[in-house]
Amino acid sequence: VDIIANVAQGFGVALLPVNLLYCFIGVFIGTLVGVLPGIGPVSAMSLLLPITLAGTPESGIIMMAGIYYGSMYGGSTTSILVNIPGEAASVVTCLDGHEMALQGRAGPALGIAALGSFFAGTFAIVALMLVAPTLAIWAVAFGPAEYFSLMVLGLVVLTFLTQGSMAKALLMACVGAVLGLIGLDSITAQPRLTFDRLELYDGIGLVPVVMGLFGIAEVLANLERPIARKIIKTKLSQLWPNREDWKASAGPMARGTVLGFFLGILPGGGAVISSFASYALEKRLSKTSPAQASPKALCKPA
Amino acid sequence: MFVVWAGRDLGTGTVAAPGSGFLPFWAGLLMCAFALAVLWSAITKGGASVASLWVDVRWGSVVFMIASLAVYAALLDVLGFLLATIPLLLVLLRGVDPVRWRTAIPIALLSTVAVWWVLKRALLIQLPTGMFEIG
């Protein structure tokens, strides 16, 4: 009864017109900032923190949540339209989302990504409120062995995502792991693979790697063959998915929501592993080739 | 092989007490193993030759772009964001699929200043100002 009373009180505060306005402003600014590659939800929230000081604490928190969701969705927008993920969790959105955009279906792709995020996010928040006290006890017990298992899970998921040669995929996974090792050893503070360059002591961030692999690679790919240049010329219309899209997306949205919730509550897992695992699951269940762009792939939990 | 060597030099330690080089060493060995597997598969199964992948590629544009970006990366700290980015855009707009000067100059100037304004003024992100401290 306490929980229901608390939830009702929470909705009472959240649905005040002034708080809805703060939420709208947060989502709007968050989406604008999220579109910039390299500025993810956390940095967007840090940058925009001073804006929230104007209102009450509740309004501030609501606005921060809006910025978070907006910037997460902003990342999906660039993934779909220009094949450059705004942040790590949007990498999987590139795979089929951009393909849909090239087929002239950018509108439904953006719509499904937004609606999938909305449903999963809403469900996860309500479910989290109900099980938060139990989870708090569980989260404290999360130790090194569990984190190690989580990393192994990430690599296992990677093997699901591979198309073509497994050896090449695993080779690239190792290259990624080695890139992640560059910098100071977190235990002994010994510099690893830094070539005595001060810039490398802090490690190589995900953003430069993603920009290089997706952004610059896309530019070079467009340059090398003038005919193969892929520019989306269709109008951005019909954002709301049609009946077929809904039919195709409902199952993946539900599965992604549940999977994303359980992976998302694990400390350290977060949106990245959830989105990859969700895509891997749908790829396994899908009867069509992954190369055929499917709206199913966009229903990742945010 | 380089990663394996670097890992060995850092000290691999043991499984119970891994050293700083433990992960690079084993990751490097795995990379070697997978690279050999890829090589073996290429030899036995065949596939598209390296030359066929590069047919009709506009080498000049690609090399030009990479060289421009390398020069930009080197000059960014020295000249600062504004002074380095405007020439880069001008060079790219004129060098790759050339556009007219009348179009290139406004695009280079306006887009750079707009990006600078959003990052520096609106989002308060520190950008390199260079030795002339412009921007």
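Lettering of chains follows the sequences in order, A, B, ..., and the numbering in each one begins at 1. Keep in mind that what you see is a predicted model, and the values were worked out from it rather than measured.
With a 4.5 Å cut-off on non-hydrogen atoms, A/Ile187 does not touch chain B at all. B/Phe2 touches chain A through its side chain: at least one heavy atom from C-beta onward sits under 4.5 Å away, while N, CA, C and O do not.
Counting non-hydrogen atoms of other residues, nucleotides and ligands closer than 6.0 Å to CD of B/Gln126 gives a total of 12 or fewer. No more than 12 heavy atoms of other residues, nucleotides or ligands sit less than 6.0 Å from atom CZ of A/Phe28. Atom CG of B/Asp9 is surrounded by more than 12 heavy atoms from other residues, nucleotides or ligands within 6.0 Å.
Considering every non-hydrogen atom in both B/Phe34 and A/Cys174, the closest pair reads CE1-SG, 3.9 Å. Of all heavy-atom pairs between A/Leu171 and B/Met31, the closest is CD1-O, 3.3 Å.
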Donor-acceptor contacts, no H, no angles, side chain residues 15-27 of chain B, under 3.5 Å, sequence neighbours left out:
residue, atom, partner, partner atom, Å
B/Ser20, OG, A/Asp185, OD2, 2.7
B/Ser20, OG, A/Thr188, OG1, 2.6
B/Ser20, OG, A/Gln190, OE1, 2.9

